[in-house]
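Just so it is clear: chains get the letters A, B, ... in the order the sequence lines come, proteins before strands, and each one is counted from 1.
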Amino acid sequence: MIKAESIDFYYGEYHALKNISMQMEPNTVTALIGPSGCGKSTFLRLFNRMNDLIEGTRLEGKCWVDGVDIYDKSVDVDELRKRVGMVFQKPTPFPKSIFENVAYGLRVNGIKDKKFIAQRVEESLRGAALWDEVKDKLKKSAYELSGGQQQRLCIARSLAISPSVLLMDEPASALDPISTSKIEELIYSLKEHYTIVIVTHNMQQASRVSDKTGFFMLGELIEYNDTKKIFLNPAMEETQNYITGRFG
Amino acid sequence: MIKAESIDFYYGEYHALKNISMQMEPNTVTALIGPSGCGKSTFLRLFNRMNDLIEGTRLEGKCWVDGVDIYDKSVDVDELRKRVGMVFQKPTPFPKSIFENVAYGLRVNGIKDKKFIAQRVEESLRGAALWDEVKDKLKKSAYELSGGQQQRLCIARSLAISPSVLLMDEPASALDPISTSKIEELIYSLKEHYTIVIVTHNMQQASRVSDKTGFFMLGELIEYNDTKKIFLNPAMEETQNYITGRFG
Amino acid sequence: MERELANIKDTVNEMWRLVISQLEKAKQSFLTGDVDLGHEVMSRERRINAYELKIDSDCENYIALFAPVAVDLRLVLSLIKISNTLERIGDFANGVAIHVVKDDCIAFTKALSEELRMEELFDVLLRMLTDSFVLLQSENTQLVGRILAQDDTVDQIYDDSIEVLSNYLANHTDQTPCGLKTLLLIRKLERIGDHCSNIVEEIVFYVDAKVLKHGGKTVPLDRESKE
Amino acid sequence: MERELANIKDTVNEMWRLVISQLEKAKQSFLTGDVDLGHEVMSRERRINAYELKIDSDCENYIALFAPVAVDLRLVLSLIKISNTLERIGDFANGVAIHVVKDDCIAFTKALSEELRMEELFDVLLRMLTDSFVLLQSENTQLVGRILAQDDTVDQIYDDSIEVLSNYLANHTDQTPCGLKTLLLIRKLERIGDHCSNIVEEIVFYVDAKVLKHGGKTVPLDRESKE
Amino acid sequence: MDIKRKKRRGLQAWVSWWIEKILAASGGITAFIILLIVVFLFKEGVGLFQSPRVDEGYVLLMHSSNEVDQLSADELKGIFDEDITNWAEVGGKNQAITSLRLDQIMDRFTEEELGGEYEYLSQRMGELIATTPGVIAFVPTLYAPLDHPAVQAMTDNTIALRDFFVGKEWIPTATPVPLFGTLPLVMGTLWVSLFAILIALPLGLGVAIYLAELASPRVRSLLKPVIELLAGIPSVVYGFFGLVVLVPWVQRVLDLPVGETAFVGSLILAIMALPTLISVAEESMKKTPRALREASLALGATHWQTIYKVVVPYASSGISAGVVLGIGRALGETMAVLMVTGNAALIPHTLMQPVRTIPATIAAELGEAAAGGSHYQALFLLGAILFLMTLIVNLMAEALAKKQHNKGF
Amino acid sequence: MRMKRKKRAQWLAFALFRLLGVLVVALLIWILGFIVYQGIGVISWEFLTTGPTEGMTGGGIYPAIVGTLCLVVGSLVISFPLGVMAGIYTQEYAKKGKLVQFIRLMTNNLAGIPSIVMGLFGMTLFVNTLGFGDSILAGSLTLSLLVLPIIIRTTEEALASVPYAFRVGSYALGATKLQTIARVVLPQALPNIMTGLVLSVGRVSGETAPILFTVAAYFLPKLPTSILDPVMALPYHLYVLVTSGTDLEATRPMAYGTALVLIVLVLIVNLLAHGVRNRLGRKVKMN
Ligand SMILES: Nc1ncnc2c1ncn2[C@@H]1O[C@H](COP(=O)(O)OP(=O)(O)OP(=O)(O)O)[C@@H](O)[C@H]1O
Ligand SMILES: Nc1ncnc2c1ncn2[C@@H]1O[C@H](COP(=O)(O)OP(=O)(O)OP(=O)(O)O)[C@@H](O)[C@H]1O
Ligand SMILES: [Mg+2]
Ligand SMILES: [Mg+2]
Ligand SMILES: O=P([O-])([O-])[O-]
């Protein structure tokens, strides 16, 4: 379970997130939608402290992951990032073999037991619905996979280190419809075990895959509710205008 | 009006288009849909002979634009491309001022009359629904515009040389939903004067903007019909599977 | 997109006005026994059917092509149901006209019409139909209560009419067939009231996304509790 | 996506079986005068309403969330209409049960039931309902003709019944109220036939995207020719 | 229909046709130059193997009883340096060797005996040789008593390929035959270059990592011009700096007899190679997609793990291309090396010895070599060897760079 | 515990890298500082504007400065147009394939050829075969061979960095290939091409080996009057001062002065390169 409380976030002077409180439940897919630049990615990246990498940013408010205040001094960022997997817009496999890509997260965490690693790799690839397609070419370069397969590989890579949360920033926006639908299927099947948050530009996608939807605008969380409710009868005028395509 | 007759197209050995015949009417938006790599872009680029720029390609069959066989020897390719405007996936304004971007096509065609150019530029920008947004900053760099505005600028640039056909290859796929809907509005309003062909991955977009839809698969034209018919009751099983998201 | 939806709504409005005028004319022809008017109503019945088909297909196209959500989706779904209902109402108006044109029992019905409060019934129904038209235009849900109250009047008149008819027929056994036909006629009018209520429910669903149907409350399904 | 649609279809199937069983029981209670069975039917009427609401809302959600097109869209739109129609049929079955339970005219009706061919009517209707259920499952449109032919039988029985009743009432003036009620009852059963036909039309629309409604032919609207 | 309008711009079309031709002609320029270089270097150099070993106009004479008629350049040098004193050592009879040069011969006779115009020199020489069976004399052909029965001229073969490529000594001014053994020069070149890279690589890589990964944008914007500046300083200035600062410093600190050593050469070359190495490595690390970096961090890897497990491997072929390129540069570097390595044509055994590299040899000796002479030709051949060495290195760098190019994204 | 080790490795590595960064800066400061410190006192107006005297133990370096300028101008006049045209050809005109690959390979190899080899080549071809003698012409030609690949490559890269989309966009508007290159591609590539030019200036003015046998005069206090005259040049002058002066003690200050002048030249060139890139870059965008 992850939670944000009264978050304000600044890029230098720019106030990117304004007083956002939001709680995402386990075994649930939460979609974040909103116009470009409204702060969805910024919000998502709070939860694995990816924003720390950008200089000149400032955070007010608190974030919890599984009950831990992740911006507390005592928190080890690398450990946090193991708990909170992340999948990016473009598939980003490492220039290694398929196997090594998935094993990467285990290795950097000091695991050396070969049998254990092989087993986790298989489990993760199965979890990402990719095992059958790659089991005969684990030693091949990850770049030999198609875009959609690469993205599932990246998901498998995250699964390998047993996160409890999966953050996805437009995971299918660079893919064709067929790969997209496979990723959506996958997300659906993964929610059984993880807290999933997905940023998407594609409202159809939000409506198809998510249980809850949060609508952001200009750094504010306008509405957060069941996806059905948002898409059938949103409470806020702004949400309605956005999802029905009546902008500005 | 543009027309293809028994087109076969090869990239080297690869048979990219297979015996395609298709006719697009004036004042109509025709959408081309189909899985990635099925040959939509290749087909589109036949009509302004952009495929000529790629080495090792081969064409069989005939293409007509406004009644002229455009692969005939007597055809001047540069003249053809003036008649057939093209808009690309990513907005590609030249690194010049807004004004110069639109004036470019006129200038390369040897037009020097300043008053005429200024007038055409205004007309074209109005035609692309951009005039009001840029009229006070025509001398500014085109890069100061947003992505959506840039794309409309590219459309204005094509309009300036008075084409009769507009080809658009995923014109909105790099844009956010708001810009996308503006581009779609624009396409709708442009069809009054042009023969428009648009390639899109987004079936919603095809259904929203087009009057007719052609469905391609593996280099073949599977079905070509009224958009309403395609989306409510396609004749072919493959089309139905594709538009309802039941792939392979 | 909004343009398309507005077009559909316009078509529904046209249909609605046609249905009102049909009912109006049916009433006129019934009250004045004007057979020509009855024929006119009957001939225009097919236009109502055409409207229904057109609206149905427009709405289907609209959903297929534009994938509406939220208020747009509710509107288009409501419009489908409203047009179906209007078509039914048109059918009933047509039934009245046929009753007039067939002429075999019209004298019987007219004789009793005072006692059966036929004119009042027609007026109430026309008011309901017009009111719900206004409701859709104004989206002012305060009208809802008034319209639904009128349906009670309709039901009252209908219940009464059965008694009136029984009493009358008991004394005029030769006119039994006409009595039965008149009953069916009134029954049709009563259904118009029900249908108007349905339309109102649909509009409320569209405007507020509230489900009024079946009193909004029903026993929960087992399946639902399972899920 | 397919999962969701399959779920909705399952719900419709359940509703359908429930409606068939309601009509079956209504027939039983009518033929045997079993008041308990009548009560049972009445008590289960609210479950049908609940089904209708659930299917409506599932379908709306499905359209809002999944933006279906082509065969999926036609199916979901058909399911909405089918469930509405099934609800009506359920209503009528309920009407039959009420008629039995109220008891005031049941004796009258039963006495005439032979002559009114009531049992046959019930049987035909049940067959129509079951056939259209099969039609939806099998998507075999060869069934269509058969089902629609049965509706003619229903209409025939209904037309005849008016005559039978008139004749009877002419001789039994004291039983006029019951006669009227019986007429309304039969009228309800006749409507079930009509509704089954509507369901069949919807299924055909879904399977073939052919519009059977209104004979498929209507006068063209001016608007249409304008466009 | 104006699509078909015939090429309207007659003049314009003509102009662009010509422009195209001119551009095409200039496109081939580099290939043409390389061709010229190859042709000229070899044309000038290859004559070395056709010219006699003994300087033109001279001849080696022996007693006609001497069975030895082949002597290698080394043997000849040994004989005339009196390191070899018996014919048996070079495969002849057991007989002492008497090596004689012209001046030694002339010393044995009086002016009268030779005649005022040296008209009797040839005769005297013949007598001298006839009386000394173990003799070998190096004399101008002009005066050689070739018709004397006791005299035979040693068969003069051309300079052997073997002597050139594996000869251990480079003494182009030696007589009677110059020694053109390139081995010490090649070895010197390789030693200096390789050690230079060994010093520069860890340093350069470290700085590159610092620049690409750790430095704040401000520091980076300060450091990058500094490195560009280092790259721009002319090599003579480095040489000068090395000579006046590093050489004495190394000599003092390491307590060496001379400061001009291979080590200082490597040091200077390392400093010179650093900027290239740093910028190539930094650029290829910067090319690592940001997404890849974030992906690694998002998997719980530390920044350091991300660098050595993802960034460096991703950039590895770019980095190795940079290294190879650096070696190429070092191989060909002339002035700096010339100024600090001491220029002794010895096969180096330790880094603390003076060495001489190929480029330094060419630079230092070409001015003194007579045009067309065997020394001149030998220097051109050295140029050709250097050319081939750098060519190979460049092709390697090319191949490595291409590998990076092909990597995904 | 494991975590701690992970962190400690990182801390150590990073500390080392920071140190190395500092080291490089220190190195530069050392070299520059040394030469500036030693040379600053030598620099005077007189030093820059008079010729050497007294067997180069006195006087200035004016002829060497002029000579270097002549060589820079001479070699760039030859190599710049040629290089830019060659770059345009390979990048824009030549059919992508074996030929372009070959040409590119050759260009890269030319860039890798040691300058001393280039000097040898220049000597045989320009000085001897073509009979130019030791002259500005021969030296400029030799140096131009040296910078030609730099110019070709920067041109190619500059052209390649112009997005393909611009070209396609221009063709789609009916522009011919030449129009497209002249109006869209070149203006966009110009700043980067110019930096190639400026960098070449730096390279030419610092090279010694290629001019050893093609142009450089050991001691020539008069200025050249034609392109067939030999000249002095700064780098060679420095070399001579350091290695073959008659009185090393006396020439040392002159050497420091010359080195400082060379370094200042390089500094100016670098600043210029940045300036050109930035200014032209902005101008093209605003156009
Ligand atoms: N590194 C940064 N420095 C400064 N401002 C930034 C930075 N990253 C994002 N922003 C600004 O913060 C705002 C929110 O950015 P964010 O990327 O979170 O938006 P988003 O909702 O994800 O948009 P998109 O849908 O385009 O991905 C934007 O206005 C953006 O300009
Ligand atoms: N320049 C090329 N050389 C060789 N093959 C090509 C080239 N361009 C495209 N192809 C191939 O031709 C086929 C059709 O390509 P095309 O770009 O027309 O597909 P598309 O339908 O536009 O796909 P997308 O939706 O991904 O843009 C693909 O299989 C592709 O691999
Ligand atoms: Mg984002
Ligand atoms: Mg394409
Ligand atoms: O800015 P993006 O997240 O849409 O790439």
Side-chain angles (χ1 to χ4, degrees), chain E residues 16 19-20 22-24 26-31 33-34 36-37 40-41 44 203 206-207 209-211 214-215 223 225-230 232-237 240-241 243 245 271 274 302-305 328 331-332 334-335 339 359 362-363 366-367 380 383 386-387 390-391 393-394 398, chain F residues 6-7 9-10 13-14 16-18 20-21 24-25 27-28 31 34-35 82 85-86 88-90 93-94 102-103 105-110 112-117 120-121 124-125 145 148-149 152 176 178 202 206-209 212-213 235 238-239 242-243 255 259 262-263 266-267 269-270:
Chain E
S16 45
I19 290 181
E20 209 168 308
I22 292 170
L23 289 174
S26 45
I29 191 81
T30 52
I33 292 170
I34 296 224
L36 279 183
I37 291 176
F40 273 85
L41 285 186
E44 297 285 330
L203 270 170
V207 177
I209 290 178
Y210 173 68
L211 271 184
L214 302 177
L223 262 179
V226 163
I227 286 161
E228 259 174 56
L229 202 58
L230 271 175
I233 295 177
S235 52
V236 266
V237 175
F240 176 48
F241 176 79
L243 188 66
V245 178
I271 294 176
L274 264 184
T302 62
H303 190 177
W304 172 229
Q305 284 175 320
L331 286 178
T334 315
M335 302 317 288
M339 292 161 84
I362 299 175
L366 190 65
F380 269 89
L386 189 60
F387 173 77
T390 49
L391 196 69
V393 165
N394 279 321
E398 187 86 0
Chain F
K6 239 163 90 171
K7 286 270 145 80
Q10 166 158 327
F14 286 1
L16 183 67
F17 296 147
R18 290 216 160 79
L20 289 177
V24 167
V25 179
L27 188 69
L28 183 87
I31 296 176
F34 177 76
I35 285 169
L82 206 57
M85 287 197 302
I88 291 177
Y89 175 73
T90 46
Y93 278 90
F102 178 72
I103 290 180
L105 190 67
M106 286 301 142
T107 308
N108 286 350
N109 281 326
L110 192 63
I113 290 177
S115 49
I116 186 73
V117 173
L120 277 181
F121 171 67
T124 54
L125 179 62
L145 299 188
L148 192 60
I152 294 178
T176 63
L178 195 61
E207 277 293 346
T208 317
L212 275 177
F213 319 120
L238 174 60
Y239 172 64
V242 174
T243 56
L262 266 175
I263 282 185
V266 168
L267 203 72
V269 162
N270 269 316

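Using a 4.5 Å cut-off between heavy atoms, E/Leu211 does not touch chain F at all. Neither the backbone nor the side chain of E/Val393 has a heavy atom closer than 4.5 Å to any heavy atom of chain F. Heavy-atom distances place the side chain of E/Leu243, and not its backbone, under 4.5 Å from chain F. The contact between E/Leu41 and chain F is made entirely by side chain atoms (from C-beta outward), counting heavy-atom distances below 4.5 Å. The contact between E/Leu230 and chain F is made by backbone and side chain atoms together, counting heavy-atom distances below 4.5 Å. Contacts between E/Ile29 and chain F at a heavy-atom distance below 4.5 Å involve the side chain alone, from C-beta outward. For a residue to count as touching a neighbouring chain, one of its non-hydrogen atoms must lie under 4.5 Å from one of that chain's; by this rule E/Glu44 touches chain F with the side chain only. There is no contact between E/Leu331 and chain F, counting heavy-atom distances below 4.5 Å. For a residue to count as touching a neighbouring chain, one of its non-hydrogen atoms must lie under 4.5 Å from one of that chain's; by this rule F/Phe14 touches chain E with backbone and side chain alike. Using a 4.5 Å cut-off between heavy atoms, F/Leu125 contacts chain E through both its backbone and its side chain. With a 4.5 angstrom heavy-atom cutoff, F/Asn270 touches chain E only via side-chain atoms. Heavy atoms of F/Ala255 lying under 4.5 Å from chain E belong to its backbone as well as its side chain. Looking at F/Ile35, the atoms closer than 4.5 Å to chain E (heavy atoms on both sides) all sit in the side chain, from C-beta outward. In this structure, chain F has heavy atoms under 4.5 Å from both the backbone and the side chain of E/Leu391.
Between F/Thr208 and E/Thr334, every side-chain heavy-atom pair lies at or beyond the 4.5 Å cut-off. Side-chain contact between F/Leu212 and E/Ile362: absent, with no pair of heavy atoms (C-beta onward) separated by less than 4.5 Å. Side-chain contact between F/Leu20 and E/Ile209 is absent, with no heavy atoms from C-beta onward closer than 4.5 Å. Within the 4.5 Å cutoff, the side chain of E/Leu274 has heavy atoms near those of the F/Leu27 side chain. In this structure, F/Thr124 and E/Phe380 have side chains that are in contact, with non-hydrogen atoms separated by less than 4.5 Å. The shortest distance between side-chain heavy atoms of F/Val117 and E/Thr390 does not fall below 4.5 Å. Inter-residue side-chain proximity for F/Val266 and E/Pro234 is flagged as met; some heavy-atom pair is nearer than 4.5 Å. Side-chain contact check for E/Asn394 versus F/Asn108: every heavy-atom pair is 4.5 Å or farther apart.
We find the CG-CD1 distance between E/Leu229 and F/Ile263 to be 8.0 Å, quoted to the nearest 0.5 Å. How far CD1 of F/Ile31 is from CZ of E/Phe240: 12.5 Å, rounded to the nearest 0.5 Å. Between the CD1 atom in E/Ile34 and the CG atom in F/Leu145 there is a gap of 10.5 Å [rounded to 0.5 Å]. Atoms CD1 and CG, from E/Ile33 and F/Leu110 in turn, are 5.5 Å apart once rounded to the nearest 0.5 Å. Atoms CD1 and CG, on E/Ile19 and F/Leu178 in that order, are 4.5 Å from each other to the nearest 0.5 Å. Between E/Met335 atom CE and F/Ile116 atom CD1 the span is 7.5 Å, to the nearest 0.5 Å.
Put simply, of E/Val226, E/Ile271, E/Leu386, E/Leu366, the one with the most heavy-atom pairs under 4.5 Å next to chain F is E/Leu366. Of the residues considered (F/Phe121, F/Tyr93, F/Tyr239, F/Phe34), F/Phe121 shows the highest number of contacts with chain E, using heavy-atom pairs under 4.5 Å. For chain E, the option among F/Leu267, F/Thr90, F/Leu16 with the highest count of heavy-atom pairs below 4.5 Å is F/Leu267. Comparing E/Ala24, E/Ala215, E/Ser235, E/Pro225 by heavy-atom pairs within less than 4.5 Å of chain F, the highest count is held by E/Ala24.
Closest heavy-atom contact between E/Gly206 and F/Phe17: CA-CD2, 3.6 Å. Nearest heavy atoms, E/Trp304 versus F/Ala13: CE2-CB, 3.5 Å. Of all heavy-atom pairs spanning E/Ser26 and F/Ala86, the tightest one is O-CB, 3.2 Å. When all heavy atoms are compared, the tightest approach of F/Gly21 to E/Tyr210 is CA-CD2, 4.0 Å. Between E/Ala31 and F/Phe102, the shortest heavy-atom distance links the atoms CB-CE2, 3.9 Å. F/Gly206 and E/Val236 make their closest contact through O-CG2, 4.4 Å (heavy atoms, listed as atom of the first residue, atom of the second, distance).
Although no hydrogens or angles enter the test, the distance criterion places a donor-acceptor pair under 3.5 Å between the side chain of F/Gln10 and the main chain of E/His303.
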